Protein chains: 2
Amino acid sequence: MIINVDLAAEVPIYQQIRDQVVEAIAHGTLTEGSTLPPIRTLAADFGINFHTVNKAYDLLRQEGLIRLSRKTGAVVTAAATDQYLPSDWTAKARTLLAEAVARGIPADDVLHACRTLLDSFSATQQEDKP
Amino acid sequence: MIINVDLAAEVPIYQQIRDQVVEAIAHGTLTEGSTLPPIRTLAADFGINFHTVNKAYDLLRQEGLIRLSRKTGAVVTAAATDQYLPSDWTAKARTLLAEAVARGIPADDVLHACRTLLDSFSATQQEDKP
DNA sequence: GCCTTTGTTCTATTAGTTATAGAACAAAGG
DNA sequence: CCTTTGTTCTATAACTAATAGAACAAAGGC
């Protein structure tokens, strides 16, 4: 999988790594059983400290998206764990959607943008099942 | 308008204030010309420092949602300023939607949650126009 | 059994953010 | 003239982000 880190961005590096793994799982680039690179390897690739990568992986572990073990490394766990959206997700979504509406974007356009993004996840899975 | 601040939350106080003003604008509780309380008043109401409120108002000003002037105070500016969603909005939305999908929530359910939230903004405007 | 690979834990430091505090300034209006 | 309001300045304490280095612990390969 391809991860890009922008050292100059306002978003913390560990958050960028976490976000891109989440997006890769949603997109199907990473599926259950996929392994992530060792923290030291990924850190070396980006020229960052391995503690920063470790923080990202630890976050993903807390969220239940990956499983960590020595030697096995970081392995993506099952997808279908949650049944409902957690309340803090809804709160974040409310704020984000409100941002768009407050700027004068019609609700239909905002919803369409969401649909397009959601479609982009399931559009081109890396494994086809015909 | 009603603003609530949770001092124990992980979200910074100035961000909470900013978010709630954005949501109030999206909801129609605050419309063009509405005035926000003076920073010192709002700070006293919450028992926080006025610099914290000032930071929230300054953020809103940078986003073009309110206009600040001495004596006039903070006034909500026009809504329909932007025509398109900025790219960083889309990036944030992509991450948030991916979070839900990665947890195994079906895309349809996620989209429905977005629709429900968007509906809640325009549902009960404070001014009806029959 | 030894060694390598891997995540884990510890302390430490630097830079930046968040929130508080107090003081003073500046403009607009009654 | 004075009050109200946002603006700017310095300062401080607590927390976060990122770096750094060292050491530990378990799992697997040879």
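Labels below follow one simple rule: chain letters A, B, ... track the order of the sequence lines, proteins then strands, and each chain is numbered from 1. Quick caveat, the model's predicted, so the values are computed rather than measured. Scope of the values below: all heavy atoms of this structure, side chains included, with no hydrogens, waters or symmetry mates.
Rounded to an integer number of Å, the gap from CD of E10(B) to P of dA19(C) is 12 Å. The distance from atom CG of N54(B) to atom C1' of dT20(C) is 14 Å, rounded to the nearest whole Å. Nucleotide dG7(C) holds its P atom 10 Å from the CG atom of L42(A), rounded to whole Å. Atom P of nucleotide dA17(D) and atom CG of D58(A) are separated by 13 Å, given to the nearest angstrom. Spacing between atom CZ of R70(A) and atom P of dG28(D) amounts to 12 Å, rounded to whole angstrom units. Atom C1' of nucleotide dA15(C) and atom CG of L7(A) are separated by 15 Å, given to the nearest angstrom. If you measure from atom CG of N49(B) to atom P of dA23(C), you get 13 Å, rounded to the nearest angstrom. Following rounding to the nearest Å, F50(A) (CZ) and dG21(D) (C1') show an atom-to-atom distance of 8 Å.
Side-chain atoms of H51(A) come within donor-acceptor range of the base of dG21(D), with a qualifying N/O pair under 3.5 Å.
For R40(A) and G47(B), each mapped to the nucleotide of DNA chain C holding its nearest heavy atom, the one lying further toward the 5' end belongs to R40(A).
Between the side chains of T77(B) and E32(B), not a single donor N or O lies within less than 3.5 Å of an accepting N or O.
Proximity of Y57(B) to the phosphate of dG6(D): no side-chain N or O atom is located under 4.0 Å from OP1 or OP2. Between dT19(D) and T52(A), a contact under 4.0 Å exists linking OP1 or OP2 to a side-chain N or O. The phosphate of dG6(D) (OP1 or OP2) has no side-chain N or O of K71(B) nearer than 4.0 angstrom. Between K55(A) and dA18(D) there is no side-chain N or O to OP1 or OP2 distance below 4.0 Å.
Across all strands shown, dA27(C) forms a Watson-Crick or G-U wobble pair, both distances under 3.5 Å, with dT4(D). Judged by Watson-Crick or G-U wobble contacts below 3.5 Å, the nucleotide dT18(C) has dA13(D) as its partner. Look at dT13(C): its Watson-Crick or wobble partner, with both distances under 3.5 angstrom, is dA18(D).
I39(B) comes within contact range of at least one nucleobase, with a heavy-atom separation under 4.0 Å. Residue T72(B) is classed as having no contact, given no heavy-atom separation below 4.0 Å to the nucleic acid.
Residues D6(B) and V11(B) fail the side-chain proximity criterion, which asks for heavy atoms closer than 4.5 Å. Considering only heavy atoms from C-beta on, F121(B) comes within 4.5 Å of L97(A) through its side chain.
The nucleotide whose nearest atom lies closest to any side-chain atom of P38(A) is, among dG7(C), dA19(C), dA18(D), dG7(C). Closest to the side chain of I48(B), out of dA19(C), dT20(C), dT8(C), is dT20(C). Among dT8(C), dT7(D), dT19(D), the nucleotide with an atom closest to any side-chain atom of I13(A) is dT19(D). Comparing dT8(C), dA18(D), dT7(D) by their closest approach to the side chain of L68(B) singles out dT7(D).
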Worked check of salt bridge (Lys or Arg N to Asp or Glu O under 4.0 Å) between R18(A) and E99(B)
CA-CA 10 Å; R18(A) 177 267 179 195; E99(B) 255 173 61; 3.2 Å; yes

Set out, in order, the CA-CA distance, both residues' side-chain angles and the distance that settles salt bridge (Lys or Arg N to Asp or Glu O under 4.0 Å) for D58(A) and K55(A), then state yes or no.
CA-CA 5 Å; D58(A) 196 54; K55(A) 191 168 181 178; over 6 Å; no

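Screening Q20(B), Q15(B), E23(B) for a side chain to side chain donor-acceptor pair (under 3.5 Å) with T95(A), the sole residue that qualifies is E23(B).
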